[in-house]
2 protein chains.
Amino acid sequence: MDEARPSRRKSITPPGVTESTAQIDMGVLPHLMGYMLRQAQLLVYQDFHHAVAAGSPGIRPPQFSILEVVNRNPGLRPSDVATALGISRANLVPLLTDLATLGWLRRVDDETDGRAQSLHLTPLGATQLEDLRAKILPHEDRLATRLGPVGRDMLLLLLHALTTPDGETPSSGQK
Amino acid sequence: MDEARPSRRKSITPPGVTESTAQIDMGVLPHLMGYMLRQAQLLVYQDFHHAVAAGSPGIRPPQFSILEVVNRNPGLRPSDVATALGISRANLVPLLTDLATLGWLRRVDDETDGRAQSLHLTPLGATQLEDLRAKILPHEDRLATRLGPVGRDMLLLLLHALTTPDGETPSSGQK
DNA sequence: TATTGTTATACTCTATAACTATA
DNA sequence: TATAGTTATAGAGTATAACAATA
């Protein structure tokens, strides 16, 4: 019985997200933004890992985002970082602790508000962040070559439009 | 060192995550595909949850993907589902078990190959899948209104280009 | 009372290694 | 030996509740 499917050959197709599914009907999945966003994000995250893992173990996208935001906004508070990156305060704590343990980030108790802290990058953290950018940007550029000359800008524009609630102005967000 | 930023400059990128972070400089993050893909995916996944949670508890994107693929390819094997969706065989097992426990999916031992199984949706599973589609597609459409008339197709096209290794033909998955 | 940082907990997703039973 | 399904485990990300100190 069974064998509703003809010819199950052992045609092992190379790994990757969608390539090995050539003869499988994916149904509506390729038409769902959620599914395709997940696949794309997995791919880019793998690229991030390849770009960063060797040289900066333990640094993943969230850690990089924290470094970037704190570097651009010295003295920022954990609470603000959490809302800016969409991370809960509770989940931010161990990330900040790890970065502080590395000596890349300092937590300074606020003098006017006994509850608050001010976050700053150490000189080491600043140079490491530069190093991370120098690794990440080329890899993103390499991936972007799959999208054609204006594809990357178009993708970012669409993603901004998607994540921008409504009355925002995403038109001024490009470099 | 480096930039020595003057207090709180309103730099080039207001858009991004939320409007409450308007005065925070997000640096290069809004220009990174990885960061924006993550933000977009979180948003769409929240939408998925809102669309599905009430009525089908426990059904998340991976479960839906499995149902969709098995429905379109009756008799498919777990191994094929795993590679098609980018999930490891090991991690697929509990997902299939849950769906089987719900009575939505059957695991039939293959008669010619004692190691293999054939996956099929039960009649209940098929109707439930129809129900899920009827909930998910409108919510995706609603999100897509932020992207303009051709924005959604453009986004899907770019995501396909990004996740397609190189000389592949993404048309095999198109409807 | 409300907020800030924190702790603790639980659940999901992901990544490996290793086992069984078949082939 | 190789494969299919499975088990077990560990790690990361996410989501809540609750707490102490402070406002």
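Every chain is numbered from 1, with letters handed out A, B, ... down the list of sequences.
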Cluster check A:Leu155, B:Leu42: I/L/V/M/F/W/Y, side chain < 4.5 angstrom:
no
Donor-acceptor pair under 3.5 Å: do we get one between A:Asn91's side chain and the base of D:dA15?
yes
Please state how far atom CZ in B:Arg107 lies from atom P in D:dA4, giving the value in whole angstrom units.
16 Å
Under 3.5 Å side-chain donor-acceptor pair for B:Asp98 and B:Thr101
no
May I ask you to verify if any side-chain N or O of B:Arg77 is less than 4.0 angstrom from the OP1 or OP2 atom of D:dA4?
no
Rounded distance in Å - CG (B:Asp98) to P (C:dC13)
10 Å
Let me know the distance between OH of B:Tyr45 and P of D:dT14, rounded to the nearest Å.
12 Å
Below 4.0 Å: OP1/OP2 of C:dC19 and any side-chain N or O of B:Arg115
no
Any donor-acceptor pair under 3.5 Å linking the side-chain atoms of A:Thr97 with those of A:Arg107?
yes
Grab the two heavy atoms, one from B:Leu29 and one from A:Val69, that are nearest each other, plus how far apart they are.
CD1-CG2, 3.8 Å
Hey, is B:Arg152 close enough to B:Asp141 for a salt bridge, meaning N to O under 4.0 Å?
yes
Note: for A:Gln63 and A:Thr112 on DNA chain D, the residue whose nearest nucleotide lies more 5' is A:Gln63
Given D:dA8, D:dG5, D:dT22, the nucleotide with the shortest approach to the side chain of B:Pro78
D:dG5
Would you kindly give the CD1-to-P distance between A:Ile87 and D:dA12, to the nearest whole Å?
15 Å
Indicate whether OP1 or OP2 belonging to D:dT14 is found under 4.0 Å from a side-chain N or O atom of B:Gln46.
no
Could you work out which one of D:dA23, C:dA15, C:dC13 sits closest to the side chain of B:Pro62?
C:dC13
Rounding to an integer number of Å, can you tell me how far A:Arg60 CZ sits from D:dT14 C1'?
14 Å
Of the nucleotides D:dA23, C:dT14, C:dT16, which has the atom closest to the A:Arg38 side chain?
C:dT14
Could you work out which one of D:dT7, C:dT6, C:dA23 sits closest to the side chain of B:Val93?
D:dT7
Round to the nearest Å and state the distance from B:Leu99 atom CG to C:dT12 atom P.
13 Å
Heavy-atom nearest nucleotide on DNA chain D taken for A:Leu95 and for A:Glu111; more 5' hit belongs to A:Leu95
Could you state the CG-P distance from B:Leu92 to D:dT6, rounded to the nearest angstrom?
9 Å
Using only modelled atom types and a 3.5 angstrom limit, is any donor from either the side chain of A:Arg89 or the base of C:dT4 paired with an acceptor on the other?
no
Candidate nucleotides D:dT7, D:dG13, C:dT7, ranked by approach to the side chain of B:Ala90 - the nearest
D:dT7
Measure from CD on A:Gln41 to P on D:dA12 and round the result to the nearest Å.
17 Å
